[in-house]
There are 2 protein chains.
Amino acid sequence: MGNKERRAREREQMREDILDAAIELFHELGFEKTTIRRIADKIEYTPGNIYAYFKNKNDILFGIHQRGFKLLYDMEMTVVDTPDPSERLIKLGQTYIQFGLQHRQYYDLMFIDSSIQQVIHEDDSWQEGQSSYTVLRDTVAECIQTGALPPNDADSITFGMWAFVHGLVSLYVRGRSAMIPDEYMPQVLQASYTYFQTAFFPHKNVDNILNSEAFVV
Amino acid sequence: MGNKERRAREREQMREDILDAAIELFHELGFEKTTIRRIADKIEYTPGNIYAYFKNKNDILFGIHQRGFKLLYDMEMTVVDTPDPSERLIKLGQTYIQFGLQHRQYYDLMFIDSSIQQVIHEDDSWQEGQSSYTVLRDTVAECIQTGALPPNDADSITFGMWAFVHGLVSLYVRGRSAMIPDEYMPQVLQASYTYFQTAFFPHKNVDNILNSEAFVV
DNA sequence: CCATGTTTTGAACAGTGTTTAATTTGTAAA
DNA sequence: TTTACAAATTAAACACTGTTCAAAACATGG
């Protein structure tokens, strides 16, 4: 018979349709203006019906959120096989910033916005973020082991590294840098990032590792 | 007669009352749940009447925002007379983080939330933020001049320093550190901050400058 | 006491997320 | 083919937002 399976597939398809529409609106308008009614309009259904597929709006945002983390993870995978841990760390940070600049909307939802927080706490299968953090932490730990970084609690250093790049990106994403003209921001971010890495790895040529390329938005 | 003056004073008093009520609610509930109707309730007026004193809700939030910056500025003033620029820089960062931990709600509104951004752009008399930035920038510039920091574009370094502490605080304020238990966070922040400063000022005893005190929340 | 200008109100508008009873639809069995 | 039942979908409502505006209340100077 296999009708059960088809029904399940159709349900899953509908969920995907909703998510696709949501993401499209999300890119056009940002998540604040991505309303249930607009999503419903886009897929030509009634607002209420969406609640048959998603618990609430945050549940939809969480779906977008997850896709964002897949995107970030894929980008990180392109540099994760760099043998030298300090070089890898430098590249990981660069990639993270690059992601933030290229996908501001995703970044906002993933790391700044707070409406989702509740959903994340309920859904403890939240490995997407964890795995990105683990990649970073492992690299930091390796740097400590090889003596590339002065020894200390690995979590504290990892958190600091993350905080730094997050600070750079989030100030930019939320437009908190009125003192610096917008068009200079990518260069400032790049210079700032390079400067900091040079402080941590004085014996490396950070510029060479990053190919001296400024961030592209 | 002086009635004009009294009227003006009463108007200003009303504005203050609204702001006070707003701030109280803001502390209790955060700015998302600080609604016009709740503010009106608190001062026993009608919601509509508030619009006779403030252009809109963001205008009220901007008032809170300004008070927050006064608070931050006052805290910064307690360390700004430190003669050695690198010590001053270290203490400024510590103070900034301390502010963020002690006044999360203010911090959120001042540096993370985006609803106000529009008002800030309109009101170009927005020196509150500028002056805090200038204090930091001047200190960084002095560090470069005295050779305490390797030379580079002062804005890039300043922005990076700010980004780092902002990253630490904002990840904490928005609860983005699921991988680290909440009760350890102040210690992790402290360790992370000390570690980074040590990287920038290897010849300083950062721990001593900060009196080895962990952040208090 | 009246006229004028300010302050305050109450009701409405358009928008939000969400719930629920009623309706439509699709499918399997009689 | 018709009936029966379950799933999908709708329409309407609810309780909230921020905001506007005509009307009412008030205070004040003449």
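Just the heavy atoms: all of them, side chains too, but no hydrogens, waters or symmetry mates, feed the values below. Every chain is numbered from 1, with letters handed out A, B, ... down the list of sequences.
- With sequence neighbours excluded, no residue forms a side-chain contact (heavy atoms from CB on, under 4.5 Å) with A:Lys70.
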Protein and nucleotides 2-4 of chain C: nitrogen or oxygen contacts under 3.5 angstrom:
none

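- Applying the salt bridge (Lys or Arg N to Asp or Glu O under 4.0 Å) rule to pairs touching residues 18-28 of chain A yields A:Asp20-A:Arg67, A:Glu24-A:Lys42, A:Glu28-A:Lys42, sequence neighbours excluded.
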Letter per nucleotide, 5' to 3', of nucleotides 3-8 of chain D [B base touched, S only sugar-phosphate touched, - untouched; heavy atoms, 4.0 Å]: ----SS

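- Between the CD atom of B:Gln118 and the C1' atom of D:dT19 there is a distance of 14 Å, given to the nearest Å.
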Contact letters for nucleotides 13-18 of chain D, in which S counts primed atoms plus P, OP1 and OP2 and B counts the base, heavy atoms under 4.0 Å: B---BB

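- Protein atom CD1 of B:Ile50 is 14 Å distant from nucleotide atom P of C:dG10, rounded to whole Å.
- Under the 6.0 Å cut-off for aromatic ring centres, B:Phe69 and B:Phe111 qualify, their centroids lying closer than that.
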B:Val165 vs B:Leu92, side-chain contact (heavy atoms from CB on, under 4.5 Å): CA-CA, chis, key distance, verdict: CA-CA 10 Å; B:Val165 288; B:Leu92 274 173; over 6 Å; no

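- Remark: of the listed residues A:Ile23, A:Leu72, A:Val173, A:Ile23 is the sole one forming a side-chain contact (heavy atoms from CB on, under 4.5 Å) with A:Tyr106.
- Annotation: side-chain hydrogen bond (donor to acceptor under 3.5 Å, both in side chains) contacts involving residues 48-57 of chain A, sequence neighbours excluded, comprise A:Lys55-A:Glu122.
- Annotation: side-chain contact (heavy atoms from CB on, under 4.5 Å) contacts of B:Thr194 (sequence neighbours excluded): B:Gln190, B:Thr198, B:Val206, B:Asp207, B:Leu210.
- OP1 or OP2 of D:dT28 sits under 4.0 Å from a side-chain N or O of B:Arg6.
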Under 3.5 Å, side-chain donor or acceptor atoms of residues 156-164 of chain A against the rest of the protein: list the pairs with distances, not counting sequence neighbours.
unit_1   : atom_1 : unit_2   : atom_2 : d
A:Ser156 : OG     : A:Asp153 : OD2    : 2.8
A:Thr158 : OG1    : A:Ala154 : O      : 2.6
A:Trp162 : NE1    : A:Tyr96  : OH     : 3.0

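- Sorted by residue number, the list of members of residues 18-27 of chain B with any non-hydrogen atom under 4.0 Å from DNA chain C is empty.
- With rounding to whole Å, A:Phe54 atom CZ is found 16 Å from C:dG17 atom C1'.
- Rounded to an integer number of Å, the gap from CD of A:Glu44 to P of D:dT9 is 13 Å.
- Shown here are the side-chain contact (heavy atoms from CB on, under 4.5 Å) partners of B:Glu44, two or more places apart in sequence or in another chain: there are none.
- By the side-chain contact (heavy atoms from CB on, under 4.5 Å) test, A:Ser131 is found to be paired with A:Tyr73, residues two or more places apart in sequence or in another chain being considered.
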Worked verdict on A:Ile144 versus A:Asn152 for side-chain contact (heavy atoms from CB on, under 4.5 Å): CA-CA 8 Å; A:Ile144 298 173; A:Asn152 203 315; 5.6 Å; no

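- Cation-pi geometry between A:Arg104 and A:Tyr172 is satisfied (NZ or CZ under 6.0 Å from the ring centre, within 45° of the ring normal).
- One interatomic measurement links the two molecules: CD of B:Glu10 to P of C:dT7, which rounds to 9 Å at whole-angstrom precision.
- Among residue pairs with one or both ends in residues 186-196 of chain A, none qualify as salt bridge (Lys or Arg N to Asp or Glu O under 4.0 Å); sequence neighbours excluded.
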